[in-house]
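For reference, the structure is listed below as structure tokens.
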Protein chains: 2
Amino acid sequence: MGTTQLESVPEPKYWHLKTVLTEALDSEFSVGEILPNERDLAARFGVARATLRQALEQLELEGRLQRRRGVGTTVAPPRVGVAVGAEGHTWPGATGDDWQPTDCTDVVPPAAVADLLETEQGEQVHTVRRSRVSQGRPVAAELLYIPHSSVPDLSAIDAPSGAARARAVLRELQHLELEGRDQAVELGSVSAEDAKELDRLPGAPVLVVTTRFHSGGRTAAVSVATYRADTCRLTFGGDIEIHHGPERRAS
Amino acid sequence: MGTTQLESVPEPKYWHLKTVLTEALDSEFSVGEILPNERDLAARFGVARATLRQALEQLELEGRLQRRRGVGTTVAPPRVGVAVGAEGHTWPGATGDDWQPTDCTDVVPPAAVADLLETEQGEQVHTVRRSRVSQGRPVAAELLYIPHSSVPDLSAIDAPSGAARARAVLRELQHLELEGRDQAVELGSVSAEDAKELDRLPGAPVLVVTTRFHSGGRTAAVSVATYRADTCRLTFGGDIEIHHGPERRAS
DNA sequence: CAGTGGTCTAGACCACTTT
DNA sequence: AAGTGGTCTAGACCACTGC
């Protein structure tokens, strides 16, 4: 029994590394600054590169770092607050929202969406693609599902697809009376498609916001919006300003 | 130019693996079923274990798998919807919420929280720890910050700490008039403390919900709640039921 | 072209749960 | 004790960005 148990539960190296790096970021680095490359950092801390990367990955997940292939690792700015639940009760495409429609096609929705829309299996619906830009950066990509029955007066002379048709569909939507809205937020990983639009590699973590729009006692539209989890903080019902890091507090 | 460019952008092995596994989960496995162990799976797909793990990690992130050390990898049930913004305008601790207070102490809050509370630097506030259980599983851990000025009539005869004092502080809170609430959601990784409570390893992804409670023109309390990102879908303003996987749709 | 982060390998050992 | 997932290593090559 002579042995002294200094650490009954030794913490993993990458966890300790993360702590050290966090403190260094708080005290010795400023936003936008470039860190030493991974091979140098690993050597400096005496660990394998894979171990260092495990720590960097977590810090990127927490929005503290930004890594870009071929460029390097930089200190990320504080997350942007993005209003998600506070725009009042308006349809997507109402004047003043900061979404930009890019395309419109007809597809058979995935089963999960068809359930929400209560459409028949195999029934086609309109899909409108939109992208959202905040402070000059792309923050979200959205896919809107709108049953044909929600926009019955869509003019035949409108373009069959593309941004022009997207605007036409959204314009028709405004004629309905919006009765309410449900929202849900969950974690996901970005699809190959959305990855390009969001300037991230496929698989990067995103916050998926599913919104159901109610009108006339049924679901008139469903929106699936994916927000960059590294750079965004979703705000509901107001604007909360949060900073992390002790140095940022006004004296 | 006789060469045929079949794949100008070859997709990573782990990404392809993830696709294959997703399809297998949808068609050949049912909830709770145990997958073969990682070494066997890696051998079966002809990849290194680390590569297989990269695919499993993503699937766990998306809530499709659950991995437990010493046990194995199982197919996860669909995420549970957890109401976050729909309980109406009530204080934490109001009768009927499914949070359970566990402890109460006085601390100097972190700078980010002190900013929200508009307390002086170094000023102590009450902290109430609570945990939330949904369908028999721990889903969230919360730390409530309540300035002394928000509960001025806290009786001196109440316990100085512990669950009893937590209940006393929350009871006093109900006397204030709640004027509004702000919320924000962002991605984080679970602290060592919360990890135990949520039955996850430190660093696991969580959804951090920061709520600010307004009363008398100021911020009367701040809640920082961390929800398990793998098992939770946060709902705002209603109940959306979402399923993934084609086989789950009712015929 | 050099330098960066991203992917992948084949091993080793550790912490944990179950038998 | 056996079997699982978690951590770690030392190396290799690839994809991308800039000069």
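Letters A, B, ... mirror the listed sequences (proteins, then strands); counts begin at 1.
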- Query: Under 4.0 Å between a side-chain N/O of B/Thr51 and OP1 or OP2 of C/dT7, yes or no?
  - Reply: no
- Per B/Leu201 side chain, nearest of listed nucleotides D/dG6, C/dG5, C/dT7: D/dG6
- OG-NZ distance between A/Ser191 and A/Lys196, expressed to the nearest 0.5 angstrom: 9.5 Å
- Note on the structure: By nearest-heavy-atom nucleotide on DNA chain D, the more 5' of B/Ala50 and A/Gly70 is B/Ala50
- How far apart are the C-alpha atoms of A/Glu33 and A/Ser30, what are their side-chain angles, what is the distance that settles it, and do they pass the side-chain hydrogen bond (donor to acceptor under 3.5 Å, both in side chains) test? CA-CA 6 Å; A/Glu33 203 166 337; A/Ser30 50; 3.2 Å; yes
- Check whether the side chains of B/Thr105 and B/Thr127 place a donor and an acceptor atom closer than 3.5 Å, and report yes or no. yes
- Separation of D/dT4 P from B/Glu60 CD (nearest whole Å): 17 Å
- Query: Expressed in angstrom and rounded to an integer, what is the separation of A/Arg200 atom CZ from D/dA15 atom P?
  - Reply: 20 Å
- Gap between atoms CD and C1', on B/Gln54 and C/dG5 respectively (whole Å): 13 Å
- Is there a donor and acceptor pair, one atom on the side chain of A/Arg49 and one on the base of C/dG6, closer than 3.5 Å? yes
- Which one, D/dT7, C/dT9, C/dG5, comes nearest to the side chain of A/Arg53? C/dG5
- Would you jot down, in residue-number order, the residues of residues 34-48 of chain B having a non-hydrogen atom under 4.0 Å from DNA chain D? B/Asn37, B/Glu38, B/Arg39
- Take atom CG of B/Leu59 and atom C1' of D/dG5, then tell me their distance rounded to the nearest Å. 16 Å
- Message: Could you tell me how far apart A/Arg69 (CZ) and D/dA15 (P) are, to the nearest whole angstrom?
- Response: 8 Å
- Item | Comparing B/Tyr14 and A/Gly72 on DNA chain C - which has the more 5′ nearest nucleotide | A/Gly72
- Closest to the side chain of A/Arg67, out of C/dG6, D/dG5, D/dT9, is C/dG6
- Message: How many whole angstroms separate atom CH2 of A/Trp15 from atom C1' of C/dA15?
- Response: 17 Å
- For the residue pair A/Tyr227 and A/Trp99, does the interplanar ring angle fall in the parallel (under 30°), tilted (30 to 60°) or perpendicular (over 60°) class? perpendicular
- Would you call A/Arg212 and A/Asp182 a salt bridge, using N to O less than 4.0 angstrom? yes
- Query: Hey, is the main chain of B/Leu187 close enough, under 3.5 Å, to the side chain of A/Arg79 for a donor-acceptor pair?
  - Reply: yes
- At how many degrees, to 10°, do the end axes of the helix from C/dC1-D/dG18 to C/dT18-D/dA1 meet when each uses five pairs? 10°
- Take the protein atom CG of B/Asp199 and the nucleotide atom P of D/dG6, then report the distance between them rounded to whole Å. 13 Å
- Locate the shortest heavy-atom distance separating A/Arg67 from A/Arg200; write the atom from each residue and the value. O-NH2, 3.9 Å
- Item | Proximity to the side chain of A/Pro12 - top-ranked nucleotide from D/dT7, C/dC8, C/dG5 | D/dT7
- Item | d(CG, B/Leu52; P, C/dG11) in whole Å | 17 Å
- Query: Just checking, is any N or O donor in the side chain of B/Ser223 or B/Glu142 under 3.5 Å from an acceptor N or O on the other one?
  - Reply: yes
- Task: Answer yes or no: is there an ion pair linking A/Asp230 with A/Arg64, defined by an N-O contact shorter than 4.0 Å?
- Result: no
- Note on the structure: For B/Glu197, the side-chain hydrogen bond (donor to acceptor under 3.5 Å, both in side chains) test, sequence neighbours excluded, returns none
